[in-house]
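Numbers restart at 1 for each chain; the letters A, B, ... are given by sequence-line order, proteins then strands.
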2 protein chains.
Amino acid sequence: MGTPLSRDPIAEARRNWEDRGWSDVAAPMAAITAIMRTQQILLARIESALKPFGLTFARYELLALLSFARKGALPMNKASALLQVHPTSVTNAVDRLERAGLVARSPHPTDGRTTLVGLTAEGRTVAQRSTAALNSQVFSETGFPPEDVDALIRILGDFRRGSGDFEDSP
Amino acid sequence: MGTPLSRDPIAEARRNWEDRGWSDVAAPMAAITAIMRTQQILLARIESALKPFGLTFARYELLALLSFARKGALPMNKASALLQVHPTSVTNAVDRLERAGLVARSPHPTDGRTTLVGLTAEGRTVAQRSTAALNSQVFSETGFPPEDVDALIRILGDFRRGSGDFEDSP
DNA sequence: TCCAAACGCTTGGATGTCCTAGTATATTCA
DNA sequence: TGAATATACTAGGACATCCAAGCGTTTGGA
(Lines give C-alpha, C1' and ligand atoms only; values in the text may rest on other atoms or scores of the structure.)
Protein backbone atom coordinates (compact mmCIF):
# COMPACT_ATOMS: atom_id res chain seq x y z
CA MET A 1 0.00 0.00 0.00
CA GLY A 2 3.04 2.20 -0.10
CA THR A 3 6.42 2.85 1.35
CA PRO A 4 7.13 2.58 5.06
CA LEU A 5 6.20 5.61 7.10
CA SER A 6 8.96 7.40 8.90
CA ARG A 7 7.18 6.99 12.21
CA ASP A 8 4.81 4.47 13.68
CA PRO A 9 1.33 5.93 13.21
CA ILE A 10 -0.01 3.98 16.17
CA ALA A 11 2.67 5.29 18.52
CA GLU A 12 1.76 8.69 17.14
CA ALA A 13 -1.90 8.17 17.97
CA ARG A 14 -0.98 7.05 21.44
CA ARG A 15 0.98 10.27 22.00
CA ASN A 16 -2.00 12.27 20.78
CA TRP A 17 -4.22 10.49 23.25
CA GLU A 18 -1.85 11.22 26.09
CA ASP A 19 -1.52 14.85 25.10
CA ARG A 20 -5.27 15.23 25.37
CA GLY A 21 -5.33 13.82 28.86
CA TRP A 22 -6.59 10.37 28.00
CA SER A 23 -3.49 8.64 29.32
CA ASP A 24 -5.55 6.06 31.14
CA VAL A 25 -6.87 4.58 27.90
CA ALA A 26 -4.02 5.46 25.55
CA ALA A 27 -2.26 2.12 25.88
CA PRO A 28 -5.36 -0.05 25.34
CA MET A 29 -6.26 2.14 22.37
CA ALA A 30 -2.82 1.54 20.92
CA ALA A 31 -3.03 -2.20 21.52
CA ILE A 32 -6.41 -2.48 19.86
CA THR A 33 -5.36 -0.40 16.91
CA ALA A 34 -2.27 -2.56 16.55
CA ILE A 35 -4.43 -5.68 16.48
CA MET A 36 -6.54 -4.15 13.73
CA ARG A 37 -3.51 -3.32 11.65
CA THR A 38 -1.85 -6.67 12.24
CA GLN A 39 -4.96 -8.49 11.16
CA GLN A 40 -4.94 -6.45 7.97
CA ILE A 41 -1.33 -7.34 7.21
CA LEU A 42 -1.82 -11.03 7.91
CA LEU A 43 -5.01 -11.23 5.92
CA ALA A 44 -3.27 -9.72 2.92
CA ARG A 45 -0.52 -12.35 3.11
CA ILE A 46 -3.00 -15.15 3.43
CA GLU A 47 -5.16 -14.00 0.56
CA SER A 48 -2.07 -13.66 -1.55
CA ALA A 49 -1.07 -17.25 -0.87
CA LEU A 50 -4.59 -18.47 -1.59
CA LYS A 51 -5.05 -16.55 -4.80
CA PRO A 52 -3.59 -19.30 -7.04
CA PHE A 53 -6.32 -21.61 -5.79
CA GLY A 54 -9.09 -19.17 -6.49
CA LEU A 55 -9.82 -19.03 -2.78
CA THR A 56 -10.33 -16.25 -0.29
CA PHE A 57 -9.61 -16.72 3.40
CA ALA A 58 -13.30 -17.01 4.23
CA ARG A 59 -13.75 -19.79 1.71
CA TYR A 60 -10.51 -21.47 2.72
CA GLU A 61 -11.62 -21.57 6.34
CA LEU A 62 -14.79 -23.36 5.40
CA LEU A 63 -12.91 -25.80 3.22
CA ALA A 64 -10.42 -26.50 5.99
CA LEU A 65 -13.17 -26.96 8.53
CA LEU A 66 -14.90 -29.51 6.33
CA SER A 67 -11.67 -31.35 5.70
CA PHE A 68 -11.42 -32.01 9.42
CA ALA A 69 -15.02 -33.06 9.84
CA ARG A 70 -15.56 -36.76 10.41
CA LYS A 71 -17.61 -37.31 7.30
CA GLY A 72 -16.34 -34.31 5.43
CA ALA A 73 -19.72 -32.68 5.88
CA LEU A 74 -21.40 -30.41 8.41
CA PRO A 75 -24.72 -28.66 8.89
CA MET A 76 -24.53 -25.03 7.82
CA ASN A 77 -25.35 -23.76 11.29
CA LYS A 78 -22.62 -25.89 12.78
CA ALA A 79 -20.12 -24.40 10.36
CA SER A 80 -21.36 -20.95 11.24
CA ALA A 81 -20.86 -21.62 14.94
CA LEU A 82 -17.41 -23.14 14.58
CA LEU A 83 -16.15 -20.44 12.24
CA GLN A 84 -17.81 -17.85 14.44
CA VAL A 85 -19.28 -15.89 11.59
CA HIS A 86 -22.82 -14.90 10.71
CA PRO A 87 -24.95 -17.60 9.07
CA THR A 88 -25.37 -15.47 5.98
CA SER A 89 -21.61 -15.38 5.58
CA VAL A 90 -21.59 -19.16 5.42
CA THR A 91 -24.40 -19.13 2.89
CA ASN A 92 -22.36 -16.73 0.82
CA ALA A 93 -19.18 -18.81 1.02
CA VAL A 94 -21.01 -22.04 0.26
CA ASP A 95 -22.70 -20.47 -2.75
CA ARG A 96 -19.35 -19.61 -4.27
CA LEU A 97 -17.59 -22.80 -3.31
CA GLU A 98 -20.47 -24.80 -4.68
CA ARG A 99 -20.33 -22.89 -7.95
CA ALA A 100 -16.62 -23.71 -8.08
CA GLY A 101 -17.40 -27.37 -7.54
CA LEU A 102 -15.50 -27.64 -4.26
CA VAL A 103 -18.42 -28.33 -1.95
CA ALA A 104 -21.94 -29.63 -2.34
CA ARG A 105 -25.12 -29.08 -0.39
CA SER A 106 -27.29 -31.99 0.61
CA PRO A 107 -30.46 -32.25 2.69
CA HIS A 108 -30.22 -33.40 6.26
CA PRO A 109 -31.57 -36.96 6.56
CA THR A 110 -33.91 -36.28 9.47
CA ASP A 111 -34.23 -32.50 9.90
CA GLY A 112 -35.88 -30.81 6.96
CA ARG A 113 -34.67 -27.39 8.03
CA THR A 114 -31.03 -28.30 7.94
CA THR A 115 -28.69 -28.33 4.98
CA LEU A 116 -25.42 -30.23 5.04
CA VAL A 117 -22.33 -28.97 3.29
CA GLY A 118 -19.73 -31.46 2.22
CA LEU A 119 -16.47 -31.50 0.32
CA THR A 120 -16.35 -32.81 -3.21
CA ALA A 121 -13.36 -34.87 -4.28
CA GLU A 122 -11.93 -31.79 -5.92
CA GLY A 123 -12.69 -29.78 -2.84
CA ARG A 124 -10.66 -32.16 -0.74
CA THR A 125 -7.73 -31.88 -3.08
CA VAL A 126 -7.86 -28.10 -3.12
CA ALA A 127 -8.13 -28.05 0.66
CA GLN A 128 -4.96 -30.08 0.97
CA ARG A 129 -2.99 -28.06 -1.53
CA SER A 130 -4.07 -24.69 -0.25
CA THR A 131 -3.26 -25.71 3.29
CA ALA A 132 0.19 -26.75 2.18
CA ALA A 133 0.61 -23.36 0.54
CA LEU A 134 -0.44 -21.51 3.67
CA ASN A 135 1.78 -23.62 5.86
CA SER A 136 4.84 -23.01 3.76
CA GLN A 137 4.23 -19.44 2.67
CA VAL A 138 2.57 -17.87 5.69
CA PHE A 139 2.59 -19.88 8.89
CA SER A 140 6.19 -21.01 8.64
CA GLU A 141 7.48 -17.45 8.60
CA THR A 142 5.09 -15.21 10.38
CA GLY A 143 7.66 -12.75 11.61
CA PHE A 144 6.73 -13.54 15.20
CA PRO A 145 9.50 -15.06 17.33
CA PRO A 146 8.40 -18.37 18.90
CA GLU A 147 8.09 -16.88 22.35
CA ASP A 148 5.84 -14.13 20.99
CA VAL A 149 3.68 -16.73 19.29
CA ASP A 150 3.18 -18.42 22.64
CA ALA A 151 2.45 -15.11 24.33
CA LEU A 152 -0.12 -14.21 21.68
CA ILE A 153 -1.87 -17.53 21.99
CA ARG A 154 -2.10 -17.16 25.74
CA ILE A 155 -3.12 -13.48 25.77
CA LEU A 156 -5.67 -13.74 22.98
CA GLY A 157 -6.98 -17.01 24.35
CA ASP A 158 -7.70 -15.34 27.68
CA PHE A 159 -9.34 -12.48 25.87
CA ARG A 160 -11.53 -14.67 23.72
CA ARG A 161 -12.62 -16.74 26.66
CA GLY A 162 -13.44 -13.57 28.57
CA SER A 163 -15.45 -12.36 25.60
CA GLY A 164 -17.65 -15.43 25.63
CA ASP A 165 -16.18 -17.20 22.64
CA PHE A 166 -15.96 -20.47 24.50
CA GLU A 167 -16.37 -21.90 27.98
CA ASP A 168 -13.59 -22.34 30.45
CA SER A 169 -11.94 -25.63 29.78
CA PRO A 170 -12.31 -28.20 32.58
CA MET B 1 -23.62 -14.75 16.99
CA GLY B 2 -24.51 -17.49 19.39
CA THR B 3 -23.73 -19.06 22.71
CA PRO B 4 -20.20 -19.91 23.82
CA LEU B 5 -18.78 -23.06 22.35
CA SER B 6 -17.88 -25.82 24.73
CA ARG B 7 -14.34 -25.89 23.42
CA ASP B 8 -11.98 -23.35 21.93
CA PRO B 9 -12.23 -23.82 18.17
CA ILE B 10 -8.74 -22.44 17.67
CA ALA B 11 -7.18 -24.87 20.12
CA GLU B 12 -9.14 -27.51 18.24
CA ALA B 13 -7.66 -26.41 14.94
CA ARG B 14 -4.21 -26.47 16.44
CA ARG B 15 -4.69 -30.06 17.54
CA ASN B 16 -5.86 -30.95 14.05
CA TRP B 17 -2.73 -29.41 12.61
CA GLU B 18 -0.54 -31.35 14.98
CA ASP B 19 -2.36 -34.59 14.26
CA ARG B 20 -1.59 -34.18 10.59
CA GLY B 21 2.08 -33.74 11.23
CA TRP B 22 2.22 -29.99 10.82
CA SER B 23 3.40 -29.40 14.36
CA ASP B 24 6.06 -26.96 13.22
CA VAL B 25 3.46 -24.46 12.02
CA ALA B 26 0.58 -25.33 14.32
CA ALA B 27 1.39 -22.67 16.90
CA PRO B 28 1.83 -19.80 14.42
CA MET B 29 -1.37 -20.91 12.71
CA ALA B 30 -3.19 -20.73 16.04
CA ALA B 31 -1.72 -17.32 16.85
CA ILE B 32 -2.74 -15.89 13.50
CA THR B 33 -6.22 -17.33 13.71
CA ALA B 34 -6.55 -15.88 17.20
CA ILE B 35 -5.59 -12.45 15.91
CA MET B 36 -8.25 -12.72 13.23
CA ARG B 37 -10.91 -13.63 15.73
CA THR B 38 -9.83 -11.01 18.26
CA GLN B 39 -10.00 -8.34 15.62
CA GLN B 40 -13.52 -9.44 14.81
CA ILE B 41 -14.61 -9.20 18.45
CA LEU B 42 -13.03 -5.81 18.97
CA LEU B 43 -14.41 -4.41 15.76
CA ALA B 44 -17.92 -5.44 16.77
CA ARG B 45 -17.55 -3.63 20.10
CA ILE B 46 -16.22 -0.53 18.45
CA GLU B 47 -18.91 -0.39 15.80
CA SER B 48 -21.50 -0.85 18.50
CA ALA B 49 -20.18 2.13 20.44
CA LEU B 50 -20.05 4.25 17.29
CA LYS B 51 -23.50 3.38 16.03
CA PRO B 52 -25.27 6.20 17.94
CA PHE B 53 -23.10 8.67 16.04
CA GLY B 54 -23.88 7.17 12.66
CA LEU B 55 -20.24 6.26 12.28
CA THR B 56 -18.39 3.12 11.32
CA PHE B 57 -14.86 2.44 12.49
CA ALA B 58 -13.42 3.36 9.11
CA ARG B 59 -15.15 6.72 9.15
CA TYR B 60 -14.30 7.30 12.78
CA GLU B 61 -10.63 6.72 12.11
CA LEU B 62 -10.64 9.36 9.42
CA LEU B 63 -12.48 11.79 11.65
CA ALA B 64 -10.04 11.19 14.49
CA LEU B 65 -7.07 11.57 12.19
CA LEU B 66 -8.34 14.92 10.97
CA SER B 67 -9.03 16.09 14.50
CA PHE B 68 -5.34 15.68 15.26
CA ALA B 69 -4.12 17.36 12.09
CA ARG B 70 -2.64 20.81 12.59
CA LYS B 71 -5.20 22.61 10.45
CA GLY B 72 -7.90 20.00 10.72
CA ALA B 73 -7.29 19.10 7.08
CA LEU B 74 -5.09 16.68 5.14
CA PRO B 75 -4.52 15.65 1.54
CA MET B 76 -6.42 12.48 0.68
CA ASN B 77 -3.26 10.57 -0.10
CA LYS B 78 -1.76 11.57 3.22
CA ALA B 79 -4.80 10.25 5.02
CA SER B 80 -4.56 7.04 3.03
CA ALA B 81 -0.93 6.60 4.03
CA LEU B 82 -1.46 7.35 7.71
CA LEU B 83 -4.52 5.15 8.01
CA GLN B 84 -2.75 2.50 5.96
CA VAL B 85 -5.70 1.73 3.78
CA HIS B 86 -6.23 1.81 0.04
CA PRO B 87 -6.86 5.25 -1.48
CA THR B 88 -10.25 4.12 -2.69
CA SER B 89 -11.25 3.34 0.86
CA VAL B 90 -10.53 6.93 1.80
CA THR B 91 -12.54 8.16 -1.15
CA ASN B 92 -15.40 6.01 0.01
CA ALA B 93 -15.21 7.21 3.62
CA VAL B 94 -14.91 10.86 2.61
CA ASP B 95 -17.90 10.54 0.30
CA ARG B 96 -20.08 9.36 3.15
CA LEU B 97 -18.72 11.73 5.76
CA GLU B 98 -19.12 14.62 3.38
CA ARG B 99 -22.71 13.65 2.70
CA ALA B 100 -23.23 13.59 6.47
CA GLY B 101 -21.76 17.07 6.72
CA LEU B 102 -18.85 16.05 8.92
CA VAL B 103 -16.01 16.75 6.50
CA ALA B 104 -15.53 18.88 3.41
CA ARG B 105 -13.28 18.55 0.39
CA SER B 106 -11.31 21.51 -0.88
CA PRO B 107 -8.77 21.93 -3.66
CA HIS B 108 -5.10 22.01 -2.78
CA PRO B 109 -3.78 25.58 -3.14
CA THR B 110 -0.78 24.68 -5.28
CA ASP B 111 -1.15 21.11 -6.55
CA GLY B 112 -4.11 20.65 -8.84
CA ARG B 113 -4.06 16.91 -8.43
CA THR B 114 -4.52 16.95 -4.71
CA THR B 115 -7.73 17.24 -2.73
CA LEU B 116 -7.75 18.28 0.90
CA VAL B 117 -10.22 16.88 3.40
CA GLY B 118 -11.08 18.91 6.43
CA LEU B 119 -13.41 18.71 9.40
CA THR B 120 -16.51 20.86 9.53
CA ALA B 121 -17.55 22.36 12.84
CA GLU B 122 -20.03 19.57 13.26
CA GLY B 123 -17.41 17.04 12.30
CA ARG B 124 -15.17 18.27 15.05
CA THR B 125 -17.95 17.97 17.59
CA VAL B 126 -18.83 14.45 16.48
CA ALA B 127 -15.17 13.49 16.57
CA GLN B 128 -14.90 14.60 20.18
CA ARG B 129 -18.07 12.90 21.31
CA SER B 130 -17.44 9.64 19.53
CA THR B 131 -13.92 9.50 20.90
CA ALA B 132 -15.30 10.00 24.38
CA ALA B 133 -17.70 7.13 23.76
CA LEU B 134 -14.96 4.82 22.56
CA ASN B 135 -12.71 5.74 25.46
CA SER B 136 -15.35 5.04 28.04
CA GLN B 137 -17.10 2.08 26.44
CA VAL B 138 -14.30 0.20 24.73
CA PHE B 139 -10.78 1.27 25.57
CA SER B 140 -11.32 1.60 29.30
CA GLU B 141 -12.38 -2.03 29.63
CA THR B 142 -10.78 -4.07 26.92
CA GLY B 143 -10.55 -7.27 28.87
CA PHE B 144 -6.77 -7.23 28.53
CA PRO B 145 -4.80 -6.96 31.78
CA PRO B 146 -2.39 -4.01 31.72
CA GLU B 147 0.64 -6.22 31.37
CA ASP B 148 -0.93 -7.94 28.38
CA VAL B 149 -1.64 -4.58 26.80
CA ASP B 150 2.03 -3.75 27.07
CA ALA B 151 3.02 -7.12 25.68
CA LEU B 152 0.68 -6.72 22.74
CA ILE B 153 1.99 -3.27 21.92
CA ARG B 154 5.55 -4.55 21.96
CA ILE B 155 4.91 -7.76 20.04
CA LEU B 156 2.67 -6.24 17.40
CA GLY B 157 4.93 -3.22 17.10
CA ASP B 158 7.86 -5.48 16.29
CA PHE B 159 5.73 -7.34 13.80
CA ARG B 160 4.47 -4.24 12.06
CA ARG B 161 7.95 -2.81 11.82
CA GLY B 162 9.20 -6.08 10.39
CA SER B 163 6.38 -6.03 7.88
CA GLY B 164 7.43 -2.66 6.54
CA ASP B 165 4.74 -0.55 8.13
CA PHE B 166 7.24 1.98 9.35
CA GLU B 167 10.96 2.52 9.64
CA ASP B 168 13.01 1.66 12.67
CA SER B 169 12.89 4.58 14.99
CA PRO B 170 16.20 6.43 15.38
C1' DT C 1 10.37 23.56 -24.58
C1' DC C 2 7.64 19.44 -24.88
C1' DC C 3 6.18 14.83 -24.33
C1' DA C 4 6.46 10.67 -21.59
C1' DA C 5 6.26 8.94 -17.02
C1' DA C 6 4.65 9.61 -12.41
C1' DC C 7 1.17 10.99 -9.30
C1' DG C 8 -3.63 11.78 -7.15
C1' DC C 9 -8.30 10.82 -7.10
C1' DT C 10 -12.54 8.58 -8.69
C1' DT C 11 -15.39 5.02 -10.87
C1' DG C 12 -16.78 0.29 -11.43
C1' DG C 13 -16.46 -4.52 -10.09
C1' DA C 14 -15.69 -8.51 -6.96
C1' DT C 15 -15.82 -10.13 -2.11
C1' DG C 16 -16.83 -10.36 2.63
C1' DT C 17 -19.46 -9.07 6.93
C1' DC C 18 -23.52 -8.02 9.36
C1' DC C 19 -28.53 -6.95 9.86
C1' DT C 20 -33.44 -7.40 8.91
C1' DA C 21 -37.03 -10.13 6.92
C1' DG C 22 -39.24 -13.91 5.03
C1' DT C 23 -40.11 -18.98 4.21
C1' DA C 24 -40.20 -23.63 5.67
C1' DT C 25 -39.69 -27.17 9.10
C1' DA C 26 -39.59 -28.74 14.17
C1' DT C 27 -40.83 -28.58 18.77
C1' DT C 28 -43.42 -27.49 22.67
C1' DC C 29 -47.27 -27.11 25.34
C1' DA C 30 -52.08 -26.13 26.44
C1' DT D 1 -53.89 -32.51 18.36
C1' DG D 2 -53.31 -27.85 16.94
C1' DA D 3 -51.51 -23.29 17.70
C1' DA D 4 -47.48 -20.68 19.25
C1' DT D 5 -42.64 -20.56 19.44
C1' DA D 6 -38.11 -21.76 17.98
C1' DT D 7 -34.76 -23.15 14.31
C1' DA D 8 -32.39 -23.19 9.85
C1' DC D 9 -31.41 -21.13 5.70
C1' DT D 10 -31.76 -17.57 2.21
C1' DA D 11 -32.82 -12.97 -0.06
C1' DG D 12 -31.87 -8.11 -0.13
C1' DG D 13 -29.49 -4.02 1.61
C1' DA D 14 -25.73 -1.23 3.78
C1' DC D 15 -20.71 -0.88 4.25
C1' DA D 16 -15.90 -1.78 3.84
C1' DT D 17 -11.72 -3.44 1.32
C1' DC D 18 -8.94 -4.17 -2.63
C1' DC D 19 -7.83 -4.21 -7.65
C1' DA D 20 -7.97 -2.49 -12.36
C1' DA D 21 -8.87 1.49 -15.28
C1' DG D 22 -9.52 6.05 -16.59
C1' DC D 23 -8.83 11.20 -16.33
C1' DG D 24 -6.46 15.24 -15.19
C1' DT D 25 -2.16 17.50 -13.31
C1' DT D 26 2.90 17.63 -12.49
C1' DT D 27 7.39 16.62 -13.13
C1' DG D 28 11.58 15.52 -15.38
C1' DG D 29 14.62 14.36 -19.03
C1' DA D 30 15.69 14.69 -24.14
Between [X] ([atom1]) and [N] ([atom2]), how many Å, whole number?
{"X": "A/L42", "N": "D/dT17", "atom1": "CG", "atom2": "P", "result": "17 Å"}
{"X": "A/L63", "N": "C/dG16", "atom1": "CG", "atom2": "P", "result": "13 Å"}
{"X": "B/L43", "N": "C/dC18", "atom1": "CG", "atom2": "P", "result": "9 Å"}
{"X": "A/H86", "N": "D/dC15", "atom1": "NE2", "atom2": "P", "result": "17 Å"}
{"X": "B/Q40", "N": "D/dA16", "atom1": "CD", "atom2": "P", "result": "17 Å"}
{"X": "A/Q39", "N": "C/dG16", "atom1": "CD", "atom2": "C1'", "result": "12 Å"}
{"X": "A/M36", "N": "D/dT17", "atom1": "CE", "atom2": "P", "result": "12 Å"}
{"X": "A/N77", "N": "D/dA6", "atom1": "CG", "atom2": "P", "result": "17 Å"}

What residues, two or more places apart in sequence or in another chain, satisfy salt bridge (charged side-chain N to carboxylate O under 4.0 Å, His left out) together with [X]?
{"X": "A/R45", "result": "none"}
{"X": "B/R14", "result": "B/E18"}
{"X": "B/R160", "result": "A/D8"}

Run the side chain to side chain donor-acceptor pair (under 3.5 Å) test against B/S106 and tell me which residues pass, sequence neighbours left out. none
Of all heavy-atom pairs between B/Q84 and A/Q40, which one has the smallest distance, and what is that distance? O-NE2, 3.2 Å
Tell me the side-chain hydrogen bond (donor to acceptor under 3.5 Å, both in side chains) pairs involving residues 111-121 of chain A, sequence neighbours left out? A/D111-A/R113
Under the side-chain hydrogen bond (donor to acceptor under 3.5 Å, both in side chains) rule, what pairs show up with a residue in residues 121-132 of chain A, not counting sequence neighbours? A/Y60-A/T131
Using distance only, find each side-chain donor-acceptor pair of residues 142-152 of chain A under 3.5 Å and give its atom names and separation, not counting sequence neighbours.
| from | atom 1 | to | atom 2 | distance (Å) |
| --- | --- | --- | --- | --- |
| A/T142 | OG1 | A/F144 | N | 3.0 |
| A/D148 | OD1 | B/R154 | NH2 | 2.9 |
| A/D148 | OD2 | B/R154 | NH1 | 3.0 |

Show every salt bridge (Lys or Arg N to Asp or Glu O under 4.0 Å) that has at least one partner inside residues 87-98 of chain A, sequence neighbours left out. A/D95-A/R105, A/E98-A/R105
Neighbours of DNA chain C within residues 88-99 of chain A, by heavy-atom distance under 4.0 Å: A/T88, A/S89, A/N92, A/R96
Using heavy atoms and a sub-4.0 Å distance, could you list which residues of residues 45-62 of chain B are near DNA chain C? By number, please. none
ring-ring contact (aromatic ring centres under 6.0 Å, His included): which pairs involve residues 25-57 of chain B, sequence neighbours left out? none
Mind running a 4.0 Å heavy-atom check of residues 110-117 of chain A against DNA chain D and sending the residues that fall below it, in number order? A/R113, A/T114, A/T115
Can you check whether A/H108 has a side-chain N or O nearer than 4.0 Å to OP1 or OP2 of D/dA8? no
Take a 6.0 Å sphere around CZ of B/R7 and say whether it holds more than 12 heavy atoms from other residues, nucleotides or ligands. no
